[in-house]
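First the proteins, then the strands, lettered A, B, ... as listed; each starts at 1. When reading the values below, keep in mind they use all heavy atoms of this one structure, side chains included, and skip hydrogens, waters and symmetry mates.
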Amino acid sequence: MFTKELLDQNDPLRKKWEDEVKRSVAKHADQKENWTTVSDLDIKRIYGPDDVKNMDFANDIAYPGQFPFLRGNQPTGYRGKYWTFRMFSGMGTAVETNERWHYLLSTGQTGLSTAFDFPTLMGYDTDSPKARGECGKCGVAIDTLDDFNDLIKGIPLDKISTSMTINPPATVLWAMYCAAAERQGVPLNTISGTIQNDILKEFIAQKTLMCPPEPSVKLISDTIEFGTKYVPKWNTISISGYHIREAGSTAAQELAFTLRDGIEYVEDAINRKGLQVDQFASRLSFFFNSHIDFFEEIAKLRAARRIWAKVMRDRFGAKDPRSCWMRFHTQTAGCSLTAQQPYNNVIRTAVEALAAVLGGTQSLHTNSLDEVLCLPSEHAVQIAVRTQQILAEETGVANTIDPLAGSYFVESLTNEMEEKAWEYIHKIDDMGGMIAAIEKGYPQMEISDAAYKFQRQIDAQEKTMIGVNKYVEANEKVDIPMVAIDEAVEEQQLKRLAEVKRKRDNRKVKECLKDLAGACKKGDNVMPYCIEAVKSYATVQEICDVYREVYGEYRDPGIF
Amino acid sequence: MRKIRVLLAKPGLDGHDRGAKVLARCFRDAGFEVIYTGCHQTSEQIAAIAIQEDVDLVGLSCLSGAHKYLFPEVARLLQERDAEDIIVIGGGIIPEQDMPALYEAGLKAIFTPGTKLDAIVEWINTNVKPEA
Amino acid sequence: MEELSKRVLAGDIRAASRLIRNLEDQIPDTYVAIKELFTATGNSHIVGITGAPGAGKSTLIDELIAAYRKKEKTVGVLAVDPTSPFTGGAILGDRIRMLRHAEDSGVFVRSLATRGSMGGLSKAVGEAIHVVEASGKEKVIVETCGVGQQEVDIINHAHTVVVVLVPGMGDDVQAIKAGLMEIADIFVINKADRDGANKLYQELLNIASLSRNGDTASSEQWTIPVMKVESIAEPLKFAESVNLLCDKIEEHYQYLVKSKLLSNRLRRKTTAELNEALWGSILQPILQELNDGGEMESMVEKLVNKEIDPYTLAEQVAQRYVKK
């Protein structure tokens, strides 16, 4: 990438510097021996032109909107549109969550993101014995379309995009969204949003599980197909690395496993549904973590774009440049935050958010300072939104596109991230693909190993978490408002669910469920049947029970 | 000298098992025998398994906020089945204000985020003394 | 101890588990409980399931339990996992695949660690089988961790030995230890949807036809079957193939009963148990006395100084203790 002239200038200067370093370190040793990222990547004391001299400017870097899209997809960058300020939220009943959503919109967030409670995430109703004690505790309780209508009350579905973090029951919740849109008079081909709908990472990390891998992937291809035909502005999958990272993986593992999951989904959509890659690829989206090691994260996100572009063009033969774009949402790392001295979390989140922005994210959630302790209070979530706004409007980082391009360090680190990711991707290819790798327990074991190693490092003070293993406050009194979900929420929701079940046409519900079961058995696309079922007020569990019945239930083998 | 047997379980629907898995390895490294039953266990299952395996200690992990119901349930079921000698401890996202009720229900210790692994092992070695 | 054994005979699971624990922890006087239980054993069918780690034994056993429960049989499972040689601890992770039976009172699953015994199944496991039998379980399944000598030792403890293999896991028949091939009463190819299943099948059929599994002197031979079990990704097919396996295991049991070979298998174990008990009754107290009285030390001294040889010393000791 550089002329011989430049490199000739570089070498003696570098040598001079190295000699100086040797002299200095002999007199006054470095503070510590190892300087690594939080993922244990060794970082050099300095980077120079020689670290990136083998790069090819046109093929490896280029400009935004140009293959391999290292510097971004849109030529205009954030000047055209800031990243979406999209705060993940949900709590208690649909009514309470709707209130919080209106509050968030009033603070200036620009997109919605839904957190569901565990029964909903797992495809159970509030009245299931498995749901005892869980209703509304970590997200909103949705049992029927009745709840969903309350959830989106006063929200113009034609103007705002909504993300829903939901996996095995994704078809159900998306069906509810579509039904709710219809009720608002908004045509399906205008609604925009995302369903997470990424089952492979559930097997690897998040563990909201329902059916075995194969039929689960089939359901995902159903949504891709349905979206391609009828809901073209909807991202039917958010291929996620966030949870993989939260489970303890390294940055390279997060990157590699996420992209390899993506490859698996693309293969399935092509092979099973006979879709052309350019028909659906532009609606695939991704979801990454932004962890505390600033440059590692920026490099990771940039590498993600370049790798995916190559995958789409070279592995899948995509012709449309939009098929090669990587569009992603980022969330700052929950696992980097502490319960001790929680106000420190504001700084952590700010730095992580900055990394995400410098990494070129399309959408961002910033964690609240009380993340480790409870659901976010209004005040805490406001600070989180303000963090994004300050970044966007005060710091100047949005003035220019991909500001760190050309940095010897960042480009070198980006290359390194890409290399490591390819290693993992090829390894999984050799195992026969991601589903095969999951069956062998490979990604799960890698993550477990990394998580254990990290914990040992923290305990041994080889890595620092301020407030936890350094600058600890003895007898700390944590004094922030703690949001708690009242037990009454569960009672309330139970009453409401019973009411809906009583009032609805139960014969129609039975019919719809029967039709859905038939479609599942025949291998038809389930979405139209799902929509009919939710309109008849079939519950989340009733529909998921059909899937469990037809496809079988998956038992987590607890690999670690 | 008896070996300490521990059951590590995640009651309820919460699937965040990073902590539980790290603890399983930690306990093995500390010389305990660990039965790890993974996520999505009901309190009845946990109690039944604790008895079948004759464990000294049951460690419950929950990050979804459902600990208020689930942890006391396990303790209660063990008491009901004449197994109150089995020590129950908990961990996860447990707000301080919820702890008195959990101790009342019979839990002997609660470990929250930021706790050192060695501290947990030490607590167990000090407080769990299987009868000779 | 007697109290404990009474409760075991009455079917108290915690007592059975505690007794097994006493065996594992080598609590003195545990043999007193075994005394009470021994004659109550011998009525159960003991099934050994062995194979390399990752062969899917636990998942198979989980479905096997379901198959037995359908036949209304009570089941005990001893799931053995390795103890870490460095820390002495163990993660016992087999039971995680058998969780759906946790509340079924007709099923007793007990996880055990090898606790360092690499030369075969530990004594504790051998006696734990008696305990489970005594607690009233009609079928006792012993799952061994598939490393070292343990795999082969199972034949001394079980009536029926099932060897589980998976295609493409380096389970090339040439690579598999000879011993493992010889002890099988039934071969199972698990995850039979994988590449290489047919090749493995043919190879195993060859071995099975050549193998004599030690039960000679019987006019009726047992033909060692090779059974395929489908991937668990198709739960219904999986359940079906395991049901067939269950039937085959039952068939083997009936074969043993009919040809009066049932007790043969366990003769070696029983002989070993007797030897052990004799050692405990006869030699152990003598050694204890010699140690306590200091005579052991002085005898060793004499040997170190080459004043006398060990055989003469032993004869002298024997003179004192053995009445002819």
Side-chain angles (χ1 to χ4, degrees), chain B residues 1-11 17 20-59 74 77-78 80-86 117 121 124-125 129-132, chain C residues 4 7-8 12-30 58 75-105 107-116 124 128 131-132 135 137:
Chain B
M1 248 266 299
R2 283 205 186 274
K3 272 217 199 284
I4 295 179
R5 281 172 71 88
V6 181
L7 171 61
L8 262 179
K10 287 192 64 65
D17 55 5
K21 286 183 179 179
V22 164
L23 275 179
R25 290 196 189 200
C26 163
F27 289 166
R28 177 200 54 201
D29 288 352
F32 308 153
E33 287 179 352
V34 186
I35 293 132
Y36 176 60
T37 50
C39 345
H40 312 141
Q41 298 299 290
T42 63
S43 352
E44 284 86 4
Q45 280 173 326
I46 294 171
I49 292 171
I51 289 168
Q52 277 189 39
E53 297 283 359
D54 192 33
V55 297
D56 301 303
L57 178 73
V58 174
V74 174
L77 286 167
L78 287 173
E80 216 172 75
R81 296 169 195 193
D82 275 327
E84 60 276 324
D85 56 311
I86 299 181
L117 295 177
V121 172
I124 293 175
N125 278 325
K129 303 251 187 254
E131 9 168 308
Chain C
L4 208 53
R7 281 163 54 201
V8 170
D12 179 340
I13 290 303
R14 182 125 191 250
S17 197
R18 175 52 59 103
L19 181 52
I20 295 175
R21 207 145 164 222
N22 290 349
L23 293 165
E24 291 178 290
D25 290 332
Q26 295 180 340
I27 303 295
D29 291 351
T30 308
S58 301
V75 185
V77 179
L78 295 171
V80 186
D81 269 321
T83 297
S84 159
F86 307 111
T87 68
I91 296 181
L92 307 176
D94 293 325
R95 119 161 270 153
I96 200 175
R97 291 163 179 74
M98 307 179 206
L99 293 171
R100 57 175 159 148
H101 307 288
E103 291 177 80
D104 183 346
S105 58
V107 179
F108 173 31
V109 177
R110 178 54 157 79
S111 313
L112 290 99
T114 53
R115 299 216 183 168
V131 176
V132 176
S135 78
K137 298 293 176 274

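Of the two parts of C:Val107, only the backbone, made up of N, CA, C and O, holds a non-hydrogen atom closer than 4.5 Å to a non-hydrogen atom of chain B. Looking at B:Ala50, there are no atoms closer than 4.5 Å to chain C (heavy atoms on both sides), in backbone or side chain. Heavy atoms of C:Ser111 lying under 4.5 Å from chain B belong to its backbone as well as its side chain. Residue contact with chain B, scored on non-hydrogen atoms closer than 4.5 Å, involves the side chain of C:Arg115 exclusively. C:Glu24 touches chain B through its side chain: at least one heavy atom from C-beta onward sits under 4.5 Å away, while N, CA, C and O do not.
Atom-to-atom distance recorded for C:Leu112:CG and B:Glu33:CD is 8.0 Å, nearest 0.5 angstrom. Atom SG of B:Cys39 is separated from atom CD1 of C:Ile96 by 7.5 Å, given to the nearest 0.5 angstrom. One finds the CZ atom of C:Arg100 at 12.0 Å from the CD atom of B:Gln45 (value rounded to the nearest 0.5 Å). Annotation: the span from C:Arg95 atom CZ to B:Ile49 atom CD1 amounts to 4.5 Å, rounded to 0.5 Å. One finds the CD1 atom of C:Ile91 at 8.0 Å from the CG atom of B:Asp29 (value rounded to the nearest 0.5 Å).
Looking only at distances, no side-chain donor or acceptor of B:Gln52 sits under 3.5 Å from a matching main-chain atom of C:Phe108. A donor-acceptor pair under 3.5 Å is absent between the side-chain atoms of C:Glu103 and the main chain of B:Ala48, judged by distance alone.
Interface remark: of the candidates C:Ile20, C:Ile13, C:Asn22, C:Asn22 forms the most heavy-atom pairs closer than 4.5 Å to chain B.
The nearest pair of heavy atoms linking B:Lys3 to C:Gly88 is NZ-O, 3.0 Å. The two residues C:Arg14 and B:Asp82 make their nearest non-hydrogen contact at NH1-O, 3.9 Å.
Qualifying side-chain hydrogen bond (donor to acceptor under 3.5 Å, both in side chains) partners for C:Ser58, counting only residues two or more places apart in sequence or in other chains: C:Asp94, C:Glu143. With sequence neighbours left out, C:Ala15 forms a side-chain contact (heavy atoms from CB on, under 4.5 Å) with C:Leu4, C:Arg7, C:Val8, C:Asp12.
Salt-bridge check for B:Arg28 with C:Asp81: failed, with every basic side-chain N at 4.0 Å or more from each acidic carboxylate O. Electrostatic pairing of C:Asp25 and B:Arg5 does not count as a salt bridge here, judged by no charged N lying under 4.0 Å from a carboxylate O.
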